[in-house]
Amino acid sequence: MVALFVLIFLKVNVKGKVDEAHSKQKQIIKDSEAEKERSIFELKGIKESVKNLSAELEKITNDGKEIISNLKKLTKSELEEIEESFKKSAARIFGVQEENAKHETKNLLAKKGLEIAEEKLKNTLKSDKKLHKKFINDAINELDGIEIK
Amino acid sequence: MKILSKQLKLAKRYATALFKLGTEEKNYDELLSGLNFANEIFENSSELEEFLLSKTVKKEDKKGILNTIFKGKSLHEYVLNLLCILVEEHKFDHFAAIKQSFEKMVNEQNNVAVAQIISAVNLDDDDKNKIITKLETKLSKKINASYVVDEKIIAGLVIKIGDNLIDNSHRTKLDNLKKHLI
């Protein structure tokens, strides 16, 4: 009977399986500890960046204060120079817009002018039939100067 | 019948064959008037044209109709034969292009240039004669002119002759001014 148990014990390798289970548990515990350490490290990093953020905010505020302080210190002529520079930039922007507006107006006027001219020409041709004859004669005379292949 | 550019190449072959016959017998003017006569009939009868172009109508029926209409009339037998060949070879849609190509050959042979003269009002005979004389002198060719009245050109003249377009219309002058100003 004992021999049978020994045989089954050897065949199934119970010891090996128990050892393997122990080994897995040890590994899980080890991994958990490593995860815990990593989390602590990340937390430290976040704390550090928050600390830097407040420092950066302080720096920006100080820079702003310095600019205001410097502006206060500017002389009248320096202020005038800045104002002039602003005016020039604004003039440049408005200049482009003015040029576009001029161009559009010119086109509109030309288009309207041509429409009026065409209408006037048609009305004149209606009221004076001899004009057709004149334009036809002009076209016939222009044939002299045209090269036909 | 609308002429497609791909039809022109094949049409030229038929036209050349007919022109050779006309040159041998010195009757290409008669053949041209026959082609023009047939073309006029087809243009004025869309039903006949549709019948001849139909793919469901038998060739024999088409040829029968052509013979009934044209045989014994002023249509030269070569032209009637050409129409029958076109029906036989399912190429009747090439007829207008053949006529155009043949006309061009005859005009070249006769030293004639075809011109279309467009004006906003009817031209009187004096104007027509002046235009023809000037064109004939310039080209050293006889001019075969057709006249079209088109109010859209406003005033002046537009002359289409060969590959030339002579545009002295006020419509174009105004359009050119518009391009220059805007």
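Only heavy atoms go into these numbers, but all of them, side chains included; no hydrogens, no water, no symmetry mates. Just so we're on the same page: letters track the sequence lines, and every chain starts at 1.
- Residue A:I148 is not grouped with residue B:I118 when hydrophobic side chains (ILVMFWY) are merged at heavy-atom distances under 4.5 angstrom, including chains of intermediate members.
- Rounded to the nearest 0.5 angstrom, A:E118 CD and B:L177 CG are separated by 11.0 Å.
- Contacts of A:L131 with chain B are absent, with no heavy-atom separation under 4.5 Å from either backbone or side chain.
- Within residues 163-175 of chain B, the residues that have a heavy atom under 4.5 Å from a heavy atom of chain A are B:N164, B:I166, B:N168, B:H170, B:R171, B:K173, B:L174, listed by number.
- When the shell of 6.0 Å around CD of A:E81 is examined, it contains 12 or fewer heavy atoms from other residues, nucleotides or ligands.
- Proximity to chain B is limited to the side chain of A:N137, based on heavy atoms less than 4.5 angstrom apart.
- Heavy-atom distances place the side chain of A:K122, and not its backbone, under 4.5 Å from chain B.
- Atom NZ of B:K20 is surrounded by 12 or fewer heavy atoms from other residues, nucleotides or ligands within 6.0 Å.
- When the candidates A:L125, A:N107, A:L114, A:I140 are compared by the number of heavy-atom contacts under 4.5 Å with chain B, A:I140 comes out ahead.
- Residue contact with chain A, scored on non-hydrogen atoms closer than 4.5 Å, involves the side chain of B:L139 exclusively.
- By the neighbour-count criterion of 12 heavy atoms within 6.0 Å, atom NZ of B:K63 is densely surrounded, having more than that number from other residues, nucleotides or ligands.
- Residues B:V114 and B:V106 do not share a hydrophobic cluster, clusters being chains of Ile/Leu/Val/Met/Phe/Trp/Tyr side chains in contact below 4.5 Å.
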### Message
B:L157 vs A:L143, test: side-chain contact (heavy atoms from CB on, under 4.5 Å). Steps then yes/no.
### Response
CA-CA 10 Å; B:L157 289 174; A:L143 285 175; 5.7 Å; no
- Message: Please evaluate residues A:K106 and B:L181 with respect to the criterion side-chain contact (heavy atoms from CB on, under 4.5 Å), reporting the C-alpha separation (whole Å), side-chain torsions for both, the decisive distance (0.1 Å), and the verdict.
- Response: CA-CA 9 Å; A:K106 190 188 140 206; B:L181 288 172; 6.0 Å; no
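- Interface remark: A:I146 contributes backbone and side-chain atoms alike to the contact with chain B (heavy atom separation under 4.5 Å).
- Applying the 6.0 Å contact sphere to CD of A:Q27 captures more than 12 heavy atoms from other residues, nucleotides or ligands.
- Both B:I69 and B:L53 belong to a single network of hydrophobic side chains, linked directly or stepwise wherever heavy atoms of I, L, V, M, F, W or Y lie under 4.5 Å apart.
- The two residues B:A155 and A:F135 come nearest to each other via the heavy atoms CB-CD1, 3.7 Å.
- Applying the 6.0 Å contact sphere to CD of A:E42 captures more than 12 heavy atoms from other residues, nucleotides or ligands.
- Hydrophobic cluster membership is shared by B:Y78 and B:F102, with clusters built from Ile, Leu, Val, Met, Phe, Trp and Tyr side chains linked at under 4.5 angstrom.
- For a heavy-atom cut-off of 4.5 Å, chain A lies close to B:D126, B:D127, B:K130, B:I131, B:K134, B:L135, B:K138 in residues 125-138 of chain B.
- One hydrophobic cluster holds both B:L18 and B:I85 under the rule that ILVMFWY side chains link at heavy-atom gaps under 4.5 Å.
- Closest approach of A:K133 to B:D124, counting heavy atoms only: NZ-OD2, 2.8 Å.
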